[in-house]
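Since the structure comes first, as structure tokens, the remarks are kept for the end.
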Amino acid sequence: MESTEGTRDGIRWLADWDGWYVGLTFARGIPPGELALRLGAVPGVRPGPLGARDAWSLAAETMDGDGVARVGSWAGWSFAVEHGLPAGAERLAEVSRSGAEAVHLDPQPDHPPRQFAYARDGEVVCCFGLGEECWRGGRRPDFLLPELVAAGLLEPDGTHAGPGDEPGADRDRRTLAVLEHRFALSLPRRLIEETPLPAFVTCTH
């Protein structure tokens with residue numbers, strides 16, 4: 001499913017998303033089917049288009065290390081909604097090989113903070129927890145520092161900025177706005193929660 005509506009949906013709504021055992025992986029430079037393969041899609045296992053509820057039910061039956069990825073495309077990015085045990089975080093470098101780009105977002109409501117990682121051409125460039133941007137990892141941990149400083153989230157030296165009593169969801173929303181703008185990310189909530197999408201069973205081991 002490809003967008004004809006640009007990027008007006010954005011991703012800031014993810015600040016209020018509390019999905020359990022679900023993550024999002026975006027990829028630019030490869031089609032949705034290839035994204036599924038790089039996430040570990042099991043050959044020949046195609047349960048058909050699934051909505052979130054059915055995908056979660058299937059993932060619950062395969063919690064021995066498998067998951068379910070529902071894939072599509074929107075606003076120039078392929079995306080995978082990963083139900084069960086998301087492979088995106090562990091396979092992000094693989095997803096980005098051969099000149100592709102990849103972004104992984106994990107809401108982690110059971111173990112905050114929400115996690116972000118960006119990979120390009122086979123390596124993780126930058127990663128951090130939302131609200132913990134002062135602790136950054138990856139090959140270029142300061143990759144997004146100028147944007148985070150401009151948004152008032154970090155000081156120029158990379159330390160925490162802004163009011164200490166800011167509600168967590170508000171701060172997450174500001175960080176998501178940075179990611180939304182920097183990577184031109186957009187994904188309507190209905191695609192994740194309501195729309196049947198091509199689905200693949202993925203293996204994380």
Side-chain angles (χ1 to χ4, degrees), residues 1-3 9 11 14 17-111 114-127 138 179 183-205:
M1 178 175 296
E2 178 62 49
S3 167
D9 294 283
I11 60 169
L14 292 171
W17 188 42
D18 58 357
W20 289 74
Y21 286 103
V22 64
L24 286 173
T25 298
F26 297 85
R28 185 158 55 187
I30 58 174
E34 177 64 18
L35 171 57
L37 289 174
R38 296 188 186 190
L39 288 172
V42 178
V45 182
R46 293 289 305 276
L50 297 177
R53 185 184 300 274
D54 289 337
W56 172 244
S57 295
L58 179 59
E61 298 173 1
T62 59
M63 288 296 282
D64 58 348
D66 296 340
V68 175
R70 298 161 56 230
V71 303
S73 60
W74 194 266
W77 289 82
S78 296
F79 68 86
V81 188
E82 299 179 79
H83 303 265
L85 298 176
E90 295 181 2
R91 294 180 178 264
L92 203 64
E94 163 65 15
V95 169
S96 73
R97 64 177 168 82
S98 302
E101 295 178 88
V103 171
H104 182 71
L105 294 168
D106 189 340
Q108 297 203 153
D110 58 329
H111 186 63
R114 303 170 191 273
Q115 296 293 315
F116 154 80
Y118 169 66
R120 183 174 60 198
D121 203 17
E123 65 180 18
V124 176
V125 176
C126 180
C127 57
L179 304 179
F183 300 110
L185 292 171
S186 181
L187 192 61
R189 188 165 188 163
R190 62 178 172 79
L191 281 183
I192 294 178
E193 297 181 340
E194 301 174 12
T195 305
L197 296 169
F200 298 79
V201 172
T202 58
C203 181
T204 59
H205 54 269

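All residue numbers refer to positions in the sequence shown, counting from 1.
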Determine whether a donor-acceptor pair (N or O, by modelled atom type, separation under 3.5 Å) exists between the side chain of W77 and the backbone of F183.
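Indeed, once roles are kept as given, a pair shorter than 3.5 Å links the two residues.
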At their closest point, which heavy atom of [X] faces which heavy atom of [Y], and how far apart are they?
| X | Y | answer |
| --- | --- | --- |
| R114 | L14 | NH1-O, 3.1 Å |
| C127 | G138 | SG-N, 3.9 Å |
| D9 | P188 | OD2-CG, 3.4 Å |
| P47 | A199 | CD-O, 3.4 Å |
| S96 | A93 | OG-O, 2.9 Å |
| L39 | T202 | O-CB, 3.8 Å |

Would a 4.5 Å heavy-atom cut-off, applied to side chains only, mark [X] and [Y] as touching?
| X | Y | result |
| --- | --- | --- |
| W17 | I192 | yes |
| L185 | V103 | yes |
| L24 | I11 | no |

Just verifying a value: how many Å separate [X] [atom1] and [Y] [atom2], rounded to the nearest 0.5 Å?
| X | Y | atom1 | atom2 | result |
| --- | --- | --- | --- | --- |
| I30 | L37 | CD1 | CG | 9.0 Å |
| Q115 | H104 | CD | NE2 | 8.5 Å |
| L191 | W74 | CG | CH2 | 5.5 Å |
| S98 | E34 | OG | CD | 8.5 Å |

Counting only heavy atoms not in R53, do more than 12 sit closer than 6.0 Å to its CZ atom?
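No, CZ of R53 has 12 or fewer neighbouring heavy atoms, counting only those of other groups under 6.0 Å.
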Plane angle bin for F26 and F79 - parallel if under 30°, tilted between 30 and 60°, otherwise perpendicular
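The arrangement is tilted - the two ring planes meet at 30° to 60°.
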Salt-bridge test for R190 and E194: reply yes if a basic N is under 4.0 Å from a carboxylate O, no otherwise.
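Result for this pair is no, no salt bridge flagged.
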Charged N to carboxylate O below 4.0 Å: is that the case for E193 and R70?
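No salt bridge links E193 with R70.
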